[in-house]
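Accompanying notes for the structure given below.
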Amino acid sequence: MNFKGTDVVSIRDLSRKQIEHVMDLAEELVPYASGEKRTRVMDGKILANLFFEPSTRTRLSFESAMVRLGGRFIEIAQPQNSSIVKGETLADTIRMVDGYSDAIVLRHPHEGAARLAAKYSSKPVINAGDGAGQHPTQTILDLFTIRQQAGGIAGKKIVLVGDLKYGRTAHSLAEALGMFGADLTFVAPPVLQMPKDTISQLEKSGISPHLSSDLAEEVSDADVLYITRIQRERFPDPAEYNKVAGSYRVDRSLLRDAKKNLAILHPLPRVDEISPEVDNTENAKYFQQAFNGVPVRMALILLLLGGDL
Ligand code: NCD
């Protein structure tokens, strides 16, 4: 399967077969991700991490992934210290970094930024989140975690809840879950429901997601509950945010009627959507999910840059 040089801007840039291949390789890479086994396969290669929006997990897990593979990384982690403040355009920044690295990871507040970067870069560009657009690598690690925790994806009842309008992880994941034949339910306050475009895309591929605003009702027969943060920074008006803040909260009482092996996932960071009392239940899988970012990103780097273990 040939991945070399592919840009990963939208989850639809990869086929279902390719995503499965990334996950299979990621599974093999778990002992390398945890440091139990060693490799230097990316020795001499440079990954450029360009983060124009805050990040903890995505940036650090890309860095950890590259270092675990024996490669190095360069980064813009504080855009206020880069030439962006002098008025440099994203296109020019990308043209420079193209010459300094072998692959570019970009997080940017504007939807479409990664697509633009891919146009100006001869190296693979990986979208690490573009505004309220997409976040494809988060999606692969989400799918990996679902497969690991629920024993498969097809036919599983997966409930996506929270800010489905502005949440880029929810957009990419919904599309991918459609490709994998999951049984989809979207729970959100009506103003934060999944964009119509995403729903019609799913319908075109034969998936009809169930829409609801009642979390308690949907949780009882769910296999996976994927909860997201209300994306405060994307609201044009703080008053609108205040109306929906705190809409959903997962606590022990909500889980009383849930399936015993319900897996609770969250891309993190959480604000108040999951009560800390849930953290030590068997259902809490979000920290495992965050770790899974390392083997999944190692697999992707290996496939995009080419190299055998
Ligand atoms: C998410 C993001 O940046 O889109 N975080 C992440 O990458 N794990 C989710 C969020 O910020 O709510």
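Indexing begins at 1, ligand by ligand and atom by atom, following the structure's order.
- In this structure, the side chain of Q231 engages the main chain of R229 through a donor-acceptor pair within 3.5 Å.
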Just list the side-chain donor-acceptor pairs under 3.5 Å for residues 29-45, sequence neighbours left out, or say none.
unit_1: S34; atom_1: OG; unit_2: V30; atom_2: O; d: 3.4
unit_1: S34; atom_1: OG; unit_2: P31; atom_2: O; d: 3.2
unit_1: T39; atom_1: OG1; unit_2: V41; atom_2: N; d: 3.1

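- Proximity of a side-chain donor or acceptor of Q134 to a complementary backbone N or O of I11 within less than 3.5 Å is detected.
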Which pairs of nitrogen or oxygen atoms, taken one from ligand 1 and one from the protein, are under 3.5 angstrom apart?
unit_1: ligand 1; atom_1: 3 (O); unit_2: R107; atom_2: NH1; d: 3.3
unit_1: ligand 1; atom_1: 3 (O); unit_2: R107; atom_2: NH2; d: 3.2
unit_1: ligand 1; atom_1: 3 (O); unit_2: R168; atom_2: NH2; d: 2.9
unit_1: ligand 1; atom_1: 4 (O); unit_2: R168; atom_2: NE; d: 2.8
unit_1: ligand 1; atom_1: 5 (N); unit_2: L268; atom_2: O; d: 3.0
unit_1: ligand 1; atom_1: 7 (O); unit_2: T58; atom_2: OG1; d: 2.9
unit_1: ligand 1; atom_1: 7 (O); unit_2: R107; atom_2: NH2; d: 3.0
unit_1: ligand 1; atom_1: 7 (O); unit_2: H135; atom_2: NE2; d: 2.8
unit_1: ligand 1; atom_1: 8 (N); unit_2: Q138; atom_2: OE1; d: 3.1
unit_1: ligand 1; atom_1: 8 (N); unit_2: P267; atom_2: O; d: 2.9
unit_1: ligand 1; atom_1: 8 (N); unit_2: L268; atom_2: O; d: 3.1
unit_1: ligand 1; atom_1: 11 (O); unit_2: R229; atom_2: NH2; d: 2.9
unit_1: ligand 1; atom_1: 12 (O); unit_2: R229; atom_2: NE; d: 2.9
unit_1: ligand 1; atom_1: 12 (O); unit_2: R229; atom_2: NH2; d: 3.3
unit_1: ligand 1; atom_1: 12 (O); unit_2: Q231; atom_2: NE2; d: 2.8

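- Counting all heavy atoms, side chain and backbone alike, Q193 lies closest to S212 at NE2-O, 3.4 Å.
- Separating the CE atom in M1 from the OG atom in S15 is a distance of 6.0 Å, to the nearest 0.5 Å.
- Judged purely by atom type and a 3.5 angstrom limit, D98 uses its side chain to pair as donor or acceptor with the backbone of S122.
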